[in-house]
Amino acid sequence: MAMEIKVNGSTYKNDYADRLQAKREEAAKAENSQNGEKTAKAENVQKEEQASNQRPVPHDEYISSEKSGEKPNGLYHVGQDENGNKKVYFNDPKKADNKSPKVNADDPNNGEEKCVGNTDKVDREIRELKQKKQELEQQLKAASGDEKKTKELENKLAQVEQELSQKDTDTYRRQHSTFTDQ
């Protein structure tokens with residue numbers, strides 16, 4: 001699919017100030033002229049000149065590659081970047097080293113890569129945070145008489161809960177899991 005845009009800056013005139021000045025000159029000539037017939041002819045001549053000088057403003061137009069007779073500029077394909085996110089890649093046909101991905105619909109196993117994800121570290125980290133939270137809650141119940149210690153334990157508990165809420169998500173597990181090829 002190719003898109004062709006044809007623009008020639010000198011082929012059209014689209015200047016508002018020039019058109020406004022021309023209209024003012026026409027009005028001044030009409031007032032100053034004694035003979036109405038000459039004025040009408042002069043106005044008609046001026047209008048024709050302006051119409052011939054002014055062309056419509058160009059606009060974008062879609063021209064398919066089949067109609068234009070040109071080959072497409074490049075090929076696009078969807079792939080994954082280093083973080084596993086989807087990304088659109090452009091294969092420039094002018095570069096010989098670009099190899100487009102080949103898709104074989106008959107053999108789905110061709111080109112597949114198998115890997116195993118391991119979330120043990122993340123799970124252990126979350127388990128430790130949950131244990132720490134329980135310990136802090138128990139200490140908080142035991143230190144109900146000491147206001148200073150209670151406030152300190154509440155702050156620690158709030159930090160642990162915040163960290164736990166950030167880490168106990170699927171997104172965090174995916175980002176921090178380790179993958180090994182099989």
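Below, all heavy atoms of this structure are taken into account, side chains as well, without hydrogens, waters or symmetry copies.
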> Just how far is it from atom CD of Gln21 to atom CD of Glu26, taken to the nearest 0.5 Å?
Replying inline: 11.0 Å

> Roughly how far, to the nearest 0.5 Å, is NZ of Lys148 from CD of Glu152?
Replying inline: 9.0 Å

Would you list the atom pairs, donor with acceptor, under 3.5 Å between side chains in residues 127-135 and any protein atom, with sequence neighbours excluded?
none

> Roughly how far, to the nearest 0.5 Å, is the NZ atom of Lys86 from the CD atom of Gln80?
Replying inline: 8.0 Å

Side chains of residues 156-165: which donor-acceptor partners sit under 3.5 Å, not counting sequence neighbours?
{"from": "Glu163", "atom 1": "OE2", "to": "Lys167", "atom 2": "NZ", "distance (Å)": "2.9"}
{"from": "Ser165", "atom 1": "OG", "to": "Glu161", "atom 2": "O", "distance (Å)": "3.4"}
{"from": "Ser165", "atom 1": "OG", "to": "Gln162", "atom 2": "O", "distance (Å)": "2.7"}

>> Here's a test for you: under side-chain contact (heavy atoms from CB on, under 4.5 Å), which of Asp181, Thr178, Thr180 qualifies with Cys115?
In response: Asp181

> Gln166 and Tyr172: which non-hydrogen atoms are nearest, and at how many Å?
Replying inline: O-CB, 3.8 Å

> Pairs in or reaching into residues 114-124: which pass side chain to side chain donor-acceptor pair (under 3.5 Å), with residues at least two apart or in two chains?
Replying inline: Thr119-Asp123, Asp123-Arg173

> Taking all atoms of both residues into account, what is the closest heavy-atom pair of Leu153 and Leu136, and its distance?
Replying inline: CD2-CD2, 3.8 Å

>> Using every non-hydrogen atom in the two residues, find where Tyr89 and Asp81 come nearest and quote the distance to one decimal.
In response: OH-CA, 3.7 Å

